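Throughout, numbering of the chain's residues begins at 1 and tracks the sequence. When reading the values below, keep in mind they use all heavy atoms of this one structure, side chains included, and skip hydrogens, waters and symmetry mates. Both counts, for ligands and for their atoms, begin at 1 and track the order of listing. For clarity, every value in this text was computed on a predicted model and none was experimentally measured.
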Amino acid sequence: MAGGVGFVSILTLARADRNRYLSAPHRGIAFDHAQLTPSATNTKRNRRSPRERTRLVAARVDENLEHDLQQCDVKLTGVVANTLRRDMLRGTIPALVFVGPWWFAMRNFPEEQAPAAAARRLSSQSRRVRAVACTRCALHAGFLQRKHRSSRLIFGVRTGNIRATRRTLRSAAQRERELKAQLKAQLKAAIQPGWSAAESAELYGIKSWGAGYFDLSDDGTVAVSVPFNGARARVSLLDIIAGMQQRGLQMPVLLRIENILDAQISLLNESFGRAMRSLSYGGTYRGVFPIKVNQQCQVIEEIARFGARYGHGLEAGSKAELLIALASMEPDSGYIVCNGYKDTEFITLGLQALKLGYRVFFVLETPTELPIVLETSRTLGIRPMLGVRVKLASRVSGAWNESSGDRSIFGLTTSQIVELIDSLKQHDMLDCLQLMHYHLGSQIPNIRDIRSGVLEAARYYVDLKQEGAALDYLDLGGGLAVDYDGSQTSYDYSKNYSLDEYCLDVVEAIMSVLDPQGIQHPVIITESGRATVAYSSVLLFNILDVTRFEPGQVPAPSPKGEHELIGNLRDSLKSLGPRNLQEGYNDAVYYRGEIRDLFKRGQIRLRELSLAENIFLEIVSAIVRRLQDVKRTPPGLDGLEQSLSDIYYGNFSVFQSLPDVWAIDQIFPIMPVHRHTEAPSRQAIIADITCDSDGKIDQFIGSRGIRKTLPVHPLIDGEPYYLGVFLVGAYQETLGDLHNLMGDTNVVSVRINEDSTFDFVREMSGDSIADVLSYVEYQPQQLLEQFRKTAEQAVRDGRVSVAERQAVLEAFAASLRGYTYYED
Ligand code: PLP
């Protein structure tokens, strides 16, 4: 069964095979017969004999395609190789000799006659006649399956004049070429029998951004893996989801993995420990977790519990956060660093905590804080542990670079620092100034910026020491970045350094400035928030629905005629070729615009507009298909593929669960949680269920940078499809808002055990509708009462029965208790 371009093969998909493929849409095969071989579906034979109603797909194929098809169990039950050429040769001489019978045959098959019937009649003529007919009319008509039901099929019959036949053959050939490309692309993209979890891992870059915590298992599900005494324990996310369902927890769910939190705290402390040992650093490392990065009780409690072994403390930026810190930590378990504006109440509480044994630093952010501190400490008779935030000149790159440079909001300028020293000296309190702090911004992607910040800070440290301050602590603030896209570059959502490099650079830079001055090495504090918690949370949600942008059926022009502009669109489609893609697109956009204007003015009907939109989509689809063979995409056609991508509707709110996606276009890794042994054959953007056009995600991590669509699997009827948004543990939860009154999601904390089992350590139900209504000052009970009155009035008016009133009131009450997200 030779292939090669120029051969014509006819595949009959036996009904069983066809059904298998049609009922396996996840394979992404669209054997839309009407689309592929319009003439064949409509043959009388096909309509008449359901037993033999096989789908016929005619296409020029090559060996690769045939191989692909065979790989997919598609039976090639009929092949006519080289039919056209062979029949041409065979047919020419008999055509001359047997022109009589041919003429007779033609006259006996009127135009309207069904091709199959015509072919049957023709088959009763001599073979030669049939050969001629085949040659002349091949693709103009339907197919004839021969009586003995061999696999061989021949082309059916009926023709007009020779010129018409030539035209038909030409357009059939063009159509055939398109079909071939289409079929091949579909098969390549969709079936890929060799598709494996490893290919999916590559596609979604999970190994790059997963930091060893996330990976794909051979069964095609995303797995979480955590370290245990040199080995790793591994759990499938799908198993965790099954556990949630058994416990009645609906999607969306925010999943927290406690072990990851612990592992990150260990990594940070141990990396600094290693760096200090390797460079013979004289001081120690003490981390503090900034509560603002994730204030959730479960998170802070775990950090305080696990961090105690490293003396890992907390950073508080407000009175409320100071309360959390004091309640969560034991007095001697770590430091509490108080940043932000502080009033007398804040300072009073902090000073009293000092008496209980807590080590609480007040970092002076502005000159106005000092008089309040001095006054309160005098009143209470407690000497404070003071810090000063310096405003460094060093600027950093990245999305949060506003915290650095001269115009940064917080921190004292050089002259304010000098005034502070003089003032403390005056009050005989310079020995209270023990800590120097700076913060250049969150998510600093470039190690050079980090290093130059440390060098500058160390210079301040030396001079403050020399001014007589009793400094012992150098607090570098936050900024340790997370590699969200896994590219290991200085791109905003990545980082071009490892944790070990970060620690070594910090320690080495401090030593390089302090050692020549003979200054004792300080305790290094960092306020790493993002890097501590980002990995520990995953947002899981299900896909509810999909919108596809595919052309519907485009009927042939009506015999009564159609609007000229629609005809123009049809012409644009017909004349589309590799050299005029841009022109064809421009024409199509123009004609569609004109047609839309006509519709607005009431000059054409909805059906005509719909037809025009369909032809337009057909043109765009054809262009996108052809672009795959073009070396360079014309600039005007960039992003065209995206315009045809699906919209997958996810059961979540961007505003509530991923506020930074909406606010600052942050990129998070997103991928399906399962089905990774199937090729993700669709391209989609993700929309949430708020009715806001901003509620979408249309930037994703690709293997070669940011991509506009996410590869996903086609939905399977009745089967859930889950996506996960990873690395969402930092900043997202509290920044989220109640847009469209979508409340907090359900939250589940799991702990993975050494034997790769897991426990649900905590579950928290998300907001009910009554909860969110009360946040915006409604009283749910009062709402129910108001509604009850309306329903009662309807009973009085005879519009509903008492039973109906009861049913509607129960529905109202049940909704108040319900989850704010889509419930099954
Ligand atoms: N410290 C201060 C003063 C901050 O403002 C921030 C946040 O921007 C952090 C620490 C935490 O930064 P990151 O999450 O980048 O570690």
Side-chain angles (χ1 to χ4, degrees), residues 261 264-265 267-269 271-272 285-296 299-300 303 307 312-318 321-322 325 334-342 361-366 369 387-392 395-405 408-412 435-447 449-450 453-454 457 473-484 492-495 497 499 502-503 506 524-537 659-660 663-664 666 668 727-735:
L261 209 51
Q264 284 298 101
I265 294 172
L267 272 180
L268 188 58
N269 282 281
S271 290
F272 263 113
Y285 169 73
R286 288 284 176 267
V288 292
F289 175 76
I291 296 176
K292 69 169 158 231
V293 180
N294 192 324
Q295 296 106 328
Q296 301 301 313
V299 174
I300 298 299
I303 291 174
H312 206 93
L314 294 168
E315 184 258 8
S318 67
E321 289 182 358
L322 177 59
Y335 293 94
I336 297 176
V337 176
C338 298
N339 292 322
Y341 264 97
K342 292 167 274 297
F361 280 109
F362 293 120
V363 176
L364 301 170
E365 306 251 8
T366 62
E369 282 176 314
V388 58
R389 177 166 176 169
V390 298
K391 199 182 276 210
L392 298 187
R395 289 215 58 143
V396 298
S397 57
W400 286 270
N401 61 7
E402 296 289 300
S403 310
S404 61
S408 58
I409 300 170
F410 287 121
L412 302 192
L435 177 144
M436 198 200 99
H437 166 64
Y438 73 92
H439 172 70
L440 292 178
S442 190
Q443 181 70 16
I444 304 174
N446 198 333
I447 189 73
D449 293 341
I450 289 177
V454 176
Y473 300 86
L474 179 54
D475 176 352
L476 318 180
L480 174 57
V482 167
D483 194 358
Y484 288 98
D492 284 1
Y493 299 108
S494 183
K495 62 177 172 132
Y497 52 90
L499 180 57
Y502 171 84
C503 297
V506 163
I524 297 176
I525 293 180
T526 67
E527 302 176 356
S528 292
R530 187 183 294 279
T532 309
V533 288
Y535 291 97
S536 61
S537 299
D660 280 346
I664 53 167
Q666 173 156 1
F668 289 102
L727 279 56
V728 296
Y731 298 103
Q732 302 314 292
E733 283 182 63
T734 337
L735 287 179

Asks: List the residues meeting salt bridge (Lys or Arg N to Asp or Glu O under 4.0 Å) with Glu321, not counting sequence neighbours, and say none if there are none.
Replies: none

Asks: Geometry only, no angles: is Asn339 polar-contacting ligand 1 at N/O separations under 3.5 Å?
Replies: no

Asks: Between Asn339 and Glu315, does any side-chain donor sit less than 3.5 Å from a side-chain acceptor?
Replies: yes

Asks: Check for me whether the distance between the ring centres of Phe668 and Tyr493 falls short of 6.0 Å.
Replies: no

Asks: Would Ser528 count as a contact of ligand 1 if the rule is a heavy atom under 4.0 Å away?
Replies: yes

Asks: Going by side-chain contact (heavy atoms from CB on, under 4.5 Å), Leu322 matches just one of Ile291, Ile336, Leu314. Which one?
Replies: Ile336

Asks: Report, in ascending order of atom number, the atoms of ligand 1 lying under 4.0 Å from any heavy atom of Pro290.
Replies: 10 (C), 11 (C)

Asks: If we set the cut-off at 4.0 Å for heavy atoms, which region of Lys292 has an atom near ligand 1: side chain, backbone, both, or neither?
Replies: side chain

Asks: Which one holds for Ser442 and ligand 1: side chain close, backbone close, both close, or neither close, with close meaning a heavy atom under 4.0 Å?
Replies: both

Asks: Under 4.5 Å between any side-chain heavy atoms of Phe272 and Thr526, yes or no?
Replies: yes

Asks: Does any N/O atom on Gly529 come nearer than 3.5 Å to any N/O atom on ligand 1?
Replies: yes

Asks: Mind telling me whether Tyr497 and Tyr502 have parallel, tilted or perpendicular rings, with 30° and 60° as the class edges?
Replies: parallel

Asks: Can you tell which of Gln296, Gln732, Glu733 makes a side-chain contact (heavy atoms from CB on, under 4.5 Å) with Ser537?
Replies: Glu733

Asks: Would you mind running through ligand 1 and noting each atom that sits below 4.0 Å from a heavy atom of Gln443?
Replies: 15 (O)

Asks: Any nitrogen or oxygen of Gly479 lying under 3.5 Å from a nitrogen or oxygen in ligand 1? Just yes or no.
Replies: yes

Asks: Could you tell me if the side chain of Leu440 sits less than 4.5 Å from the side chain of Tyr438, heavy atoms only?
Replies: yes

Asks: If you measure every N/O of Glu527 against every N/O of ligand 1, is any gap under 3.5 Å?
Replies: yes

Asks: Would you mind running through ligand 1 and noting each atom that sits below 4.0 Å from a heavy atom of Arg530?
Replies: 13 (P), 14 (O), 16 (O)

Asks: Tell me which part of His439 gets within contact of ligand 1: side chain, backbone, both or neither, using heavy atoms under 4.0 Å.
Replies: side chain

Asks: Would you mind running through ligand 1 and noting each atom that sits below 4.0 Å from a heavy atom of Tyr731?
Replies: 7 (C), 8 (O), 11 (C), 12 (O), 13 (P), 14 (O)

